[in-house]
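Order of appearance sets the numbers: ligands from 1, and atoms from 1 within every ligand.
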Amino acid sequence: MIYQGTAIQVKKGLTGIAHLVFDLPGSAVNVFNQLMLGELKQAIAAVAASDARGLVCVSAKATFLVGADIKEFTENFKLSEPELLEWAASTNEIFNVLEDLPIPSVTAINGMALGGGLELCLATDFRVASDTAILGFPEVNLGICPGFGGTVRAPRLMDALSAIEWVRTGKQVKAHQALSEGAVDAVVASDMLVEAAEDMIEQALSGDLDLQDRRAQKTGPLPMSAEEIKKVFSEGLARADKEAGAHYPAAITAVDAMWKAADQSRAVALKLENKAFVTLARGEVAGNLVQLFLNDQFLKSRAKKLSADARPVKKAAVMGAGIMGGGIAYQSALRGTPILMKDIAQQGLDLGVSEATKLLNKQLERGRMDQGKVDKVLAGITPTLTYDGFDQVDVIVEAVVENPRVKQIVLAEVEQLVPATTVLTSNTSTISITLLASALKRPENFCGMHFFNPVPLMPLVEVIRGEKTSSQAIATTVAYAQSLGKTPIVVNDCPGFLVNRILFPYFGAFCQLLRDGADFRVIDQVMERFGWPMGPAYLLDVVGIDTASHCMKVMAEGFPDRMQYDFRTVIDHLYEAGSYGQKNDKGFYQYQKTAGGRPAKVFDDAILDVIKPLQLKQDSISEDAIRERMMTALCLEAVRCLEDGIVSSATEVDMGLLLGLGYPRFRGGALRFIDNMGVTEFCDMADKYADLGPLYQPTAKLREMAAAGKTFY
Ligand code: NAD
């Protein structure tokens, strides 16, 4: 035994080759935490002091090493700049010592080698991968760049443009492609991996593989002319700029560091990487993206707990084959739960089936599905005008028209025909779940299941708990949502639930801005620059101005103190003028079909005359004020949702906005936005707009948080 740690062991085999085995205890996968890094340092020192002829790095787990322990690793991001630089440099030294060992080294890559795991592989002289291995640098997804020498070693070992692509996109690459791009030296069947790695050591020892050449390649500048370097890296930088943009600085910063390091030695190149890594790690965007990663894990573990009591869902039914019902049926059948799709009109059913067929044909055209799969999914949807088969269903999603009377009648009718254990849900956007439950004999078996449009694309499902909903009904609905590939968030009943309750004050702020003289195109531009996928006017057109006008009334009834407006809103005005947005090609913008059949947005200045009578003031409102007014109204409603217990954590509020509304990821969420600004500073900002009404006035609790120096995260 050369070294025995808790997570790493080094043994010498009969051939005199040392095997360094990663096997982190208590974890399904190997990750770099302080324990692993500390032991790696000691293990390499022990190898250097031993008489081993070569070193093979292997994993005892089903996969190689998936990167850093994010939670522990990112604690370091809070260090001061010099401290973090020192940490990065000293960690890098471990990899340098491995790279400079006097004996040849090979990594045997089984399964995934990601992030720090891949950087470890690149530090050894050679790499052999199993044919199932997957390699990649996912760091940009967390707003950082590789920090253990990945940006230095990848371009020196690989084709430089490929290395740039790996670093800047965070993509995962399969073994054979990794071989063709130079990241590994051989690919073999899994059961041949260790033998192949030992064989490589023998070849390096015999001179069949040129060790000195390989080491020179890894520690010197790139073997490219100045013109070639400029061409390749400027192209990489342009791609990073185009695809990631200024809101996500990691890709640009990483490629820039790689460019500066291209004609430098390893030592200088590593310093450049350290600097880029530290700059990114200490930045706000990385903080937000890392928090999102942790939020995602939190939601998964919460859903697991909430669904512990779930009853199996072998068969489902959806009532109403419209836009939403058709989408829900498609998604259920696609994910393997057969579904009855009931409507009262044959025309409705035809529409639902044609919607599902259209979605499937798209998958077929894109080569993501074959005809067999398409037929199988379609066979999973049973269109029906009757209740035949409803005695067999485990979950029902009601998705008929948004009218409380109609919904209550439909739900009460179906309740009589299904087993007592069947869970009934309603895909309502606005109607109180407790109110709908009042028509039922078994209200405990009923909850809301609010999908977002379009169902196949939108990841969020709000599972709404009514006053009498049982935990088992919630469990089954959460499990069914997960089986559809969605992220469920359980929310308590209130007008708008979580997402629409926060969205409508934002639309309210928009209406007030228009009233005060702002141009809706400027508001759209300002909010799109903030990072929203579309500005509020465009979003209203997409949601449907008729739908928005209806929701606004519900919200005004629910929260009259702040959501009932004493002026005529542009939303009601356009609705009454018959402008519903994209669905009838006229709203704030006009819509014309492109050759591909998509609605393209065009501006027609006739709309300015339509809006003019509503503009009671002609204030000149700065872009800063537009952004501040919009975000203040939105963020304060997010605060109220948390305070009112609609959800139980800041994480759920922020993830609801991200997954349901497309809130810009790099900003982390509304409550995260307040934290980043500082709670006191946020309250000061809101106070500037207090005269505009209660929508802009911080709650007493938020002021208490500010005074106590507390934050949401
Ligand atoms: P839609 O008008 O496209 O479809 C409603 C369907 O229900 C129609 O096919 C109609 O024939 C059918 N129907 C009416 N009464 C019925 C009955 N008694 N039994 C069976 N079917 C009946 O509506 P949609 O946009 O799919 O909305 C459905 C529900 O989903 C509404 O409550 C809506 O608020 C909610 N929702 C809609 C969206 C959206 O963006 N469209 C988003 C989230 C939630």
Between S307 and Y480, is any side-chain donor less than 3.5 angstrom from a side-chain acceptor?
no

When you compare ligand 1 with A345, is there at least one nitrogen or oxygen pair between them that comes in under 3.5 angstrom?
no

Can you tell which part of S429 has a heavy atom less than 4.0 Å from ligand 1: side chain, backbone, both or neither?
both

Please write down residue, atom name and distance for the protein heavy atom closest to atom 32 (O) of ligand 1.
E402 OE1, 2.5 Å

Quick one: look up the protein heavy atom nearest atom 4 (O) of ligand 1 and list residue, atom name and how far away it is.
G322 CA, 3.2 Å

Can Y538 and E528 be said to form a side-chain hydrogen bond (donor to acceptor under 3.5 Å, both in side chains), step by step?
CA-CA 10 Å; Y538 188 17; E528 282 163 19; over 6 Å; no

Among V542, V410, I328, closest by any non-hydrogen atom to atom 18 (N) of ligand 1
V410

Minimum-distance protein heavy atom relative to atom 7 (O) of ligand 1:
G320 CA, 3.5 Å

Looking only at heavy atoms, what is the nearest atom pair of A633 and Y696, with distance?
CB-CE2, 4.3 Å

Ligand 1 contacted by K407 (non-hydrogen, < 4.0 Å):
yes

Which atoms from ligand 1 have a heavy atom of N453 less than 4.0 Å away?
39 (C), 40 (O), 41 (N)

Stepwise side chain to side chain contact (heavy atoms under 4.5 Å, CB included) test for R640 and R562
CA-CA 12 Å; R640 291 187 200 99; R562 58 185 184 278; 3.4 Å; yes

Would a 4.0 Å cut-off, counted as strictly less than, catch a protein heavy atom around atom 21 (N) of ligand 1?
yes

Counting heavy atoms only, which of D350, V455, V401, I344 is nearest atom 2 (O) of ligand 1?
V401

Q291-N295 side chain donor-acceptor pair, cut-off 3.5 Å
yes

For ligand 1, which part of Q347 has a heavy atom less than 4.0 Å away: the side chain, the backbone, both, or neither?
neither

Exactly one candidate in F673, Y248, F530, W532 meets ring pair (Phe, Tyr, Trp, His ring centres under 6.0 Å) with F666; the answer is Y248

For atom 35 (C) of ligand 1, grab the closest protein heavy atom and report residue, atom and distance to one decimal in Å.
N427 O, 3.1 Å

Closest heavy-atom pair, S429 versus H450, reported as atoms and distance to 0.1 Å, is CA-NE2, 3.8 Å

Atom 37 (C) of ligand 1 has as its nearest protein heavy atom M324 CG, 3.4 Å

Select one of side chain, backbone, both or neither to describe which atoms of F451 lie under 4.0 Å from any atom of ligand 1, heavy atoms only.
backbone

Of V400, T428, D343, the one whose closest heavy atom lies nearest atom 12 (C) of ligand 1 is D343

Just to confirm my output: which protein heavy-atom neighbour is closest to atom 5 (C) of ligand 1, and how far is it?
A399 O, 3.9 Å

On a heavy-atom basis, the closest approach of I381 and A356 is CD1-CB, 3.9 Å

Evaluate the criterion side chain to side chain contact (heavy atoms under 4.5 Å, CB included) for residue pair D524 and Y589; output intermediate values, then yes/no.
CA-CA 11 Å; D524 271 4; Y589 302 93; 2.6 Å; yes

Consider only side-chain N and O atoms of D572 and Y565, and report whether a donor and an acceptor are under 3.5 Å apart.
no

Pairing donors with acceptors under 3.5 angstrom, does anything connect the side chains of D516 and Q512?
no

Sub-3.5 Å N/O-N/O distance, I323 and ligand 1:
yes

Just jot down the ligand 1 atoms closer than 4.0 angstrom to any heavy atom of H450, in number order.
43 (C), 44 (C)

